[in-house]
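Here is the structure we will look at.
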Amino acid sequence: MLLLNPGPVTLSERVRGALARADLCHREPEFTALQTAVRQGLLGVYELDPREYSVALLPGSGTAAVEAMLATLVPRDGRLLVLDNGVYGERMARIAAIHGIDHLRLEHPWDAALDVERLAAVLERSPVTHLAVVHHETTTGRLNDLAAVAAVCRARGVALLVDAVSSFGAEPIDFAGWGVAACAATANKCLHGVPGTAFVVARRQALAAAAAPPRTLYLDAVGWERAQREGGTPFTPAVHSLFALEEALRELAEEGGREARRRRYALLAGIVRAGLAAAGIEPLLPPDACSVVVAAYRLPHGVDYAALHDGLKRRGFVIYAGQGRLAADIVRVSTMGAITEADMHRFADAVAELASGG
Ligand SMILES: *Cc1c(COP(=O)(O)O)cnc(C)c1O
């Protein structure tokens, strides 16, 4: 079965094999070596300077890292603006509300680009210390224009917190140029690891300015980072998920790093787009607004999602429905994981056959 849903991904045999490594206690030096290698490997994906940035590894899914980032890094006297053009932006606003973080929300239609002029106007009226934004909004496959958002933040000294859960490892993130204070991501999307480990990459300066006292014990990214920096871990880590992530990071580096991965995703996404276009199935967004990671397509009239899903599953492919208000209208296809060009050609042929009533 090939997973074309946006995470978890189809594993390579090599990463799957890492799950069978010998059992390991997290209070032993071998674990410290593993944890250190993973933390260094994550900084290495974007060539980040360890003197400036650090990593907090957390057991959990991507949402754990996003929640840890927001709950930890917005100080008690800070104020947050959440940009929202999809499910994951909306989720960040919910996280802020649950933790009692003073926040505003700037909503957009789910198929719209972020409105940077409106953002500047809001910041003019209502100053904030931090801004939270989703890099790749997986709801629609839109790659938000963080360069433009960052420029507005920079001009006003607003710290940028990024949900990079479905972009880290493939899409460009200009940490220095955009002035990213922190980003949250996970092992099991563009990095091709297994679920169970998520992480926050943060400027040391942002960690030092974090909320005190912490708003959360378990999701305190500062606490995880401090213990990990000293070679330990505050609570039981997802050891096997770290085995897999270490192997996945090696594989990524050997394949040429994130730029090579981005090129590969672009190639696969192009095969799907062309194949589906030939069958009369159009993308939701113009190609220049899309990530290379996930693309959303409008379901053709008369094609029912459940029937398409089940027909594809019988042929060995798992696709993904739309979420929330897009649930009945779109289908999403990811390029992440151990997937070949031949797989994507077979997939496009299967969709064409099913969409034509075959
Ligand atoms: C997948 C995803 C998340 C987190 O989802 P989990 O199910 O918690 O892993 C958060 N933000 C974005 C943009 C995502 O794509």
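One-based numbering, in listed order, for ligands and for the atoms of each.
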Original post:
So, H192 side chain and M336 main chain: donor-acceptor pair closer than 3.5 Å or not?
Top reply: no

Original post:
Of all residues at least two apart in sequence or in a different chain, which pass the side chain to side chain contact (heavy atoms under 4.5 Å, CB included) check with P237?
Top reply: H26, F31, T233, V239, L242

Original post:
Can H136 and S291 be counted as having a side-chain donor-acceptor contact under 3.5 angstrom?
Top reply: yes

May I have the N/O to N/O pairs between ligand 1 and the protein that fall below 3.5 Å, each with atom names and distance to one decimal?
unit_1: ligand 1; atom_1: 8 (O); unit_2: S61; atom_2: OG; d: 2.4
unit_1: ligand 1; atom_1: 8 (O); unit_2: G62; atom_2: N; d: 3.4
unit_1: ligand 1; atom_1: 8 (O); unit_2: T63; atom_2: N; d: 2.9
unit_1: ligand 1; atom_1: 8 (O); unit_2: T63; atom_2: OG1; d: 2.5
unit_1: ligand 1; atom_1: 9 (O); unit_2: G62; atom_2: N; d: 3.0
unit_1: ligand 1; atom_1: 11 (N); unit_2: D163; atom_2: OD1; d: 3.3
unit_1: ligand 1; atom_1: 11 (N); unit_2: D163; atom_2: OD2; d: 2.7
unit_1: ligand 1; atom_1: 15 (O); unit_2: T138; atom_2: OG1; d: 2.4
unit_1: ligand 1; atom_1: 15 (O); unit_2: S166; atom_2: OG; d: 3.4
unit_1: ligand 1; atom_1: 15 (O); unit_2: K189; atom_2: NZ; d: 2.8

Original post:
Hey, does the side chain of R264 reach the backbone of T335 with a donor-acceptor pair shorter than 3.5 angstrom?
Top reply: no

**OP:** Check whether any side-chain N or O of Q35 sits under 3.5 Å from a backbone N or O of G232 as a donor-acceptor pair, and report yes or no.
**Re:** yes

**OP:** Using a cut-off of 6.0 Å, state whether more than 12 heavy atoms not belonging to E254 lie near its atom CD.
**Re:** yes

